J.: 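The structure that follows is given in the form of structure tokens.
Since the model is a prediction, treat every value here as computed from it, not as a measurement.
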There are 2 protein chains.
Amino acid sequence: MPKATVERLPLYLQCLQAMGDSETTVSSDVLANIAGVNSANVRKDLSYLGSHGVRGVGYDRLELCVQLRRALGLTDKWPVVIIGVGNLGSALANYQGFDPSGFNVIGLYDADPSKIGDPVDGHRIKSMEELELDIKEHDVQMAILTTPAGAAQEVADMLVGAGILSILNFAPALLKLPDTVKCRQVDLATELQILSYYQATRTA
Amino acid sequence: MPKATVERLPLYLQCLQAMGDSETTVSSDVLANIAGVNSANVRKDLSYLGSHGVRGVGYDRLELCVQLRRALGLTDKWPVVIIGVGNLGSALANYQGFDPSGFNVIGLYDADPSKIGDPVDGHRIKSMEELELDIKEHDVQMAILTTPAGAAQEVADMLVGAGILSILNFAPALLKLPDTVKCRQVDLATELQILSYYQATRTA
DNA sequence: GTGCGCTTGTGAAACGAATCACGATGCCCA
DNA sequence: TGGGCATCGTGATTCGTTTCACAAGCGCAC
């Protein structure tokens, strides 16, 4: 499945879920308008799911959701860990969208001994030693990194050593990782700078 | 300038700044390795800056930083507002990277009356009425949206009305905006779901 | 039942971006 | 001062993605 398609599937899922139960069926055209993409593109993307829409009618909304979730590997909940419980880590810990999206935060971890034991959204912050044990015990494969930039690489190395295979990195640092590990970088400064470019060229 | 290039420029800037002052000069090859892209790609990207590297030597690191910042429109600081001071908004307000990246948070705003006046990182949370005034007074063009999903569209409409031209949206909602307004969406669930896909296909 | 309108699925074409390959060029050192 | 090495800049090529265009198919109305 093309990379570009994979990155749009969650978008479709979000659109379908946001539509509410009023519509039992969706056409590629309607979905395309909501998602802001071309309708042929939607159809081609969905064709990778082996999905069968009905000509003259469209796609069954609920069935399509199921197929999207299956394609994205969301049939079971993934256990995830959050490392670095600063402001951002706490914010993510409180995020209510994990469960409906298919994820289950099993623990929060921080290197700062003074934080350990503090309650955050029903969890108690745990130590880095426990992190390694928890990863192995629960067979965790996905981690969210919200440490300061300086600590990110060191923590990432540890995560990789413990068996983590996917990292969502919010730390403003580029991680050096083995290519068996998949990483996605989310960087506030980068996003703003991209907007800045378009803002600046707009006036020029 | 190609969209793909624009989205890499902040990455290059980050790499160059992270290199420290030890290196006065950088080759496309070195930069490419750090950034994780092809060196010909780096050269082509940098050639859009009108940058002149020196054959046999490379690029002057500091000069390149200046040119990148100029290309991205970061010569002056952009005033930005943050709307929605929940966990995530507070986290962003405390983010130390705004200033070095070229941005200046001029205010935090929330619809909840009980929050107004609360101090967050040297700011006091202000009301939505003040938001509109501040935008016009300071000629703010960029906004960061960290409200709950349900409020996002309404707030976005107001921002657009007040003159905002670029929105960085952390709310898990797709905004309907006039195409004069540029928006970038950052969505935790989406990112995790993309990772989930690769995680799932890895084992399959 | 038959025809018409809507919508899918998909080959073909167009587009944009990444990579390759190499000529051009400046620096360093003998 | 000249030769060799390192590196840039960029045309040509390849690759991946998007868009177009249309035949095929389904359902509904009459």
Side-chain angles (χ1 to χ4, degrees), chain A residues 1-12 15-16 19 23-68 71 179 182 185 190 194 197-198 201, chain B residues 1-12 15-16 19 22-68 71 179 185 190 194 197-198 201:
Chain A
M1 178 136 49
K3 195 163 83 71
T5 294
V6 172
E7 303 194 348
R8 272 189 302 266
L9 297 187
L11 172 63
Y12 299 147
C15 292
L16 293 172
M19 282 179 63
E23 305 295 332
T24 158
T25 198
V26 212
S27 73
S28 62
D29 203 50
V30 167
L31 183 51
N33 281 336
I34 299 174
V37 303
N38 180 290
S39 70
N41 207 341
V42 170
R43 289 197 297 278
K44 195 153 279 189
D45 285 344
L46 297 186
S47 77
Y48 287 105
L49 306 182
S51 155
H52 279 270
V54 180
R55 292 169 198 237
V57 178
Y59 301 85
D60 183 87
R61 191 174 65 83
L62 290 172
E63 191 199 322
L64 191 49
C65 283
V66 170
Q67 291 189 356
L68 283 167
D179 46 8
K182 191 100 189 168
Q185 185 78 20
T190 298
I194 293 168
Y197 170 84
Y198 290 109
T201 47
Chain B
M1 177 134 51
K3 195 163 83 71
T5 295
V6 172
E7 303 195 347
R8 272 188 302 266
L9 297 187
L11 172 63
Y12 299 148
C15 291
L16 293 171
M19 282 179 64
S22 55
E23 304 295 332
T24 159
T25 199
V26 212
S27 72
S28 61
D29 204 49
V30 167
L31 182 52
N33 282 336
I34 299 174
V37 301
N38 181 290
S39 71
N41 207 340
V42 169
R43 290 197 296 280
K44 195 154 281 187
D45 285 343
L46 296 185
S47 75
Y48 287 106
L49 306 182
S51 153
H52 278 268
V54 180
R55 290 167 200 243
V57 177
Y59 301 86
D60 182 88
R61 192 174 63 85
L62 290 172
E63 192 199 323
L64 190 51
C65 284
V66 170
Q67 293 189 354
L68 283 167
D179 47 7
Q185 184 79 19
T190 298
I194 294 168
Y197 170 83
Y198 291 109
T201 48

J.: For a 4.5 angstrom cut-off between non-hydrogen side-chain atoms, does B:M19 reach B:I34?
T.: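 A side-chain contact under 4.5 Å exists here.
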
J.: Are side-chain heavy atoms of B:V6 and A:I194 found at a separation under 4.5 Å?
T.: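 Yes; the side chains approach each other to less than 4.5 Å.
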
J.: Output the rounded distance in Å from CG (A:D29) to P (C:dG5).
T.: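 Atom CG in A:D29 sits about 18 Å away from atom P in C:dG5.
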
J.: Classify every nucleotide of nucleotides 23-30 of chain C by which part a protein heavy atom approaches to under 4.0 Å, writing B for the base, S for the sugar-phosphate alone and - for neither, in 5'-to-3' order.
T.: BBBBS---

J.: Between atom NE2 in A:H52 and atom P in C:dG9, what is the gap in whole Å?
T.: 7 Å

J.: Give me the first and last nucleotide of DNA chain D, going 5' to 3', that has any atom under 4.0 Å from a heavy atom of chain B.
T.: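 Nucleotide range with atoms under 4.0 Å of chain B: D:dA6 to D:dA12.
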
J.: Quick one: pull up CG in A:L16 and CG in A:L62 and give me the separation to the nearest 0.5 Å.
T.: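 Nearest 0.5 Å value for the CG-CG distance: 9.0 Å.
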
J.: Determine the minimum heavy-atom distance between B:Y197 and A:A71, stating which atoms define it.
T.: CD1-O, 3.2 Å

J.: Between B:N38 and B:A32, what is the shortest heavy-atom contact and its length?
T.: C-CB, 3.9 Å

J.: Please report the shortest heavy-atom distance between B:D45 and B:Y12, naming the atom on each side.
T.: OD2-OH, 2.5 Å

J.: Given side chains that start at C-beta, do those of B:E23 and B:V30 come closer than 4.5 Å, heavy atoms only?
T.: no

J.: Are any non-hydrogen side-chain atoms of A:R43 and A:S47 less than 4.5 angstrom apart?
T.: no

J.: Taking all non-hydrogen atoms of both residues into account, name the closest pair between B:G58 and B:T25 and its distance.
T.: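 The pair with the smallest heavy-atom distance is C-OG1, 4.1 Å.
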
J.: In residues 38-47 of chain A, which ones come under 4.0 Å of DNA chain D, going by heavy atoms?
T.: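 Nucleic-acid contacts, sorted: A:N38, A:A40, A:N41, A:R43, A:K44.
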
J.: At under 4.0 Å, does any side-chain N or O of A:Y59 touch on OP1 or OP2 of C:dC6?
T.: no

J.: For residues A:L46 and A:L31, report the shortest heavy-atom separation together with the two atoms involved.
T.: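 That would be CD1-CD2, 4.5 Å.
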
